[in-house]
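Here the structure is a predicted model, which means the values were calculated and not measured.
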Amino acid sequence: MRTGYDLELVHLTKRYGDTVAVRDLNHVFVKGSYVCLLGPSGCGKSSTLRMIAGHEDVSEGAILLDGQDVAQLPPARRGTAMMFQNYALFPHLSVRDNVAFSLRMKGVDKGTRHARANDLLELVDMTHLADRLPAQLSGGQQQRVALARALITEPKVLLLDEPLSALDPFLRIRMRTELKKLQRELGITFIHVTHGQDEALALADEIVVMHDAVIAQAGPPREVWAQPRTEFVARFIGGHNVLALPGGKVTIRADAVSLGADGMPATVIAVEYQGASVSVTAATESGDEVLALLPEAQFFQSPKSPGEAVKLSWDEGRLHRLEA
């Protein structure tokens, strides 16, 4: 596989009538990186992905791949490939013929396209099932076939639309590991749409958080998680409390909050055992809910139940100020 190329969105906008689905996006996706577009339903992430793929017309702006504006090209001529959420495999074709399908459409002879399909099935560990029909495969196996089919065109950028949402939790985590490994081996850019924070944190070199048709924040996972810019990002990425203090809003990480002999008075409203940690939600006198994530051993030294009075404290140095 050839190495990836920079992909740049320039003033990219998508309108449906009076509704703006994507508003004036400007962003460079670094070649060879794994990028997650993260956000709630309706934030514009899937519309952005579909515009890059060519399955959605661009209202305004440009999509530059390797310096060339591909916004007006048909999907097959862009240098991108899309892996759909429902895998969209042809039920009457074998696994091998599904993978080879786009080469068949290009008129590539049977021997050549089957050899190429076999290479890709080996890459996704599906060689032994090459002659089966999609209905004879599990969800995880169908996903591998869809991945091989998308990669056979040697795309510069692979686009993945919520590729793990149909899988059970155990398989989802396994496929996450495989996607990351595959992206590293191929060295091409992956752009992966998800609404799962855990998925984005686990996979991405860069997270692009979208909210209300714009990019709310973009950066390495650790930076986005530890230094959210806005209240929306802090709440969406999880693990943070947003507090109103004089001079504006701040966040404090849930794992930085402790229960002690002094601090802010509050009442426990929920306790959830999570194995290595216990999450305690408490309501302050002003009505704010504060989440404390306590190590399991620490919690059980002095366990708390809903309705109990507690004192919440944290190190002032751990407060992170949000943009207004």
Side-chain angles (χ1 to χ4, degrees), residues 1-15 20-39 43-85 88 99 101-103 105-108 116 119-120 123 146-163 179-180 182-194 200 203-210 213-215 217-220:
M1 286 273 174
R2 51 171 105 106
T3 51
Y5 299 79
D6 278 340
L7 173 72
E8 186 174 1
L9 309 181
V10 185
H11 298 299
L12 189 66
T13 297
K14 176 67 188 174
R15 292 193 191 84
V20 181
V22 176
R23 187 188 304 278
D24 196 33
L25 293 197
N26 292 288
H27 192 73
V28 176
F29 298 93
V30 177
K31 61 181 161 193
S33 59
Y34 202 123
V35 183
C36 282
L37 291 182
L38 174 68
C43 69
K45 60 190 189 299
S46 289
S47 294
T48 301
L49 198 75
R50 288 199 299 267
M51 280 192 282
I52 297 169
H55 300 305
E56 198 76 80
D57 292 335
V58 169
S59 302
E60 272 167 45
I63 298 167
L64 304 178
L65 183 51
D66 202 20
Q68 182 198 2
D69 186 2
V70 298
Q72 305 310 320
L73 294 178
R77 293 195 31 230
R78 291 193 173 203
T80 61
M82 180 98 155
M83 183 178 152
F84 295 97
Q85 190 175 3
V99 173
F101 187 77
S102 64
L103 299 186
M105 298 308 285
K106 287 180 177 167
V108 175
R116 184 83 189 105
D119 289 346
L120 280 153
L123 184 73
L147 199 53
R149 188 182 59 181
L151 290 168
I152 202 163
T153 59
E154 298 198 18
K156 300 169 183 178
V157 178
L158 181 67
L159 307 166
L160 303 109
D161 187 13
E162 304 233 4
L179 280 176
K180 184 77 176 171
L182 195 61
Q183 189 268 333
R184 288 236 161 96
E185 283 171 12
L186 296 169
I188 63 175
T189 309
F190 277 34
I191 303 178
H192 174 135
V193 160
T194 179
L203 280 167
D205 301 312
E206 180 185 42
I207 291 179
V208 177
V209 183
M210 291 190 68
V214 299
I215 293 173
Q217 186 169 351

Do [X] and [Y] have side-chain heavy atoms sitting under 4.5 Å apart?
| X | Y | result |
| --- | --- | --- |
| Leu123 | Glu185 | yes |
| Leu182 | Leu151 | yes |
| His27 | Ile215 | yes |
| Leu179 | Leu147 | yes |
| Leu65 | Ile52 | no |
| Asn26 | Leu9 | no |
| Ile191 | Leu7 | yes |

Write down the atom of [X], the atom of [Y], and the distance for their closest heavy-atom approach.
| X | Y | result |
| --- | --- | --- |
| Leu25 | Ala213 | CD2-O, 3.8 Å |
| Val28 | Glu206 | O-OE1, 4.3 Å |
| Leu120 | Ala148 | CD1-O, 3.9 Å |
| Pro163 | Met83 | CB-CE, 4.2 Å |
| Ser47 | Val22 | CB-CG2, 3.8 Å |
| Ala150 | Leu158 | CB-CD1, 3.6 Å |

Could you give me the CA-CA distance, side-chain angles and deciding distance for Asp6 and Thr189, then say whether side chain to side chain contact (heavy atoms under 4.5 Å, CB included) is met? CA-CA 8 Å; Asp6 278 340; Thr189 309; over 6 Å; no
Spacing of [atom1] belonging to [X] relative to [atom2] belonging to [Y], to within rounding of 0.5 Å:
| X | Y | atom1 | atom2 | answer |
| --- | --- | --- | --- | --- |
| Ser46 | Glu162 | OG | CD | 6.0 Å |
| Arg23 | Arg15 | CZ | CZ | 8.5 Å |
| Glu154 | Ile188 | CD | CD1 | 9.5 Å |
| His55 | Thr80 | NE2 | OG1 | 7.0 Å |
| Lys14 | Met51 | NZ | CE | 7.0 Å |
| Leu49 | Leu159 | CG | CG | 4.5 Å |

Determine whether more than 12 heavy atoms belonging to other residues, nucleotides or ligands lie under 6.0 Å from atom CG of Asp57.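 For Asp57, atom CG is not crowded (no more than 12 foreign heavy atoms under 6.0 Å).
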Tyr34: ring pair (Phe, Tyr, Trp, His ring centres under 6.0 Å) partners, not counting sequence neighbours: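 For Tyr34 the ring pair (Phe, Tyr, Trp, His ring centres under 6.0 Å) partners, ignoring immediate neighbours, are Phe190, His192.
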His11: partners by ring pair (Phe, Tyr, Trp, His ring centres under 6.0 Å), with sequence neighbours left out: none
I'd like to know if the side chain of [X] reaches the main chain of [Y], judged simply by a donor and an acceptor atom lying under 3.5 Å from each other, with no hydrogens or angles considered.
| X | Y | result |
| --- | --- | --- |
| Arg78 | Val70 | yes |
| Thr13 | Asp24 | yes |
| Gln183 | Gly32 | yes |
| Asp69 | Ile63 | yes |

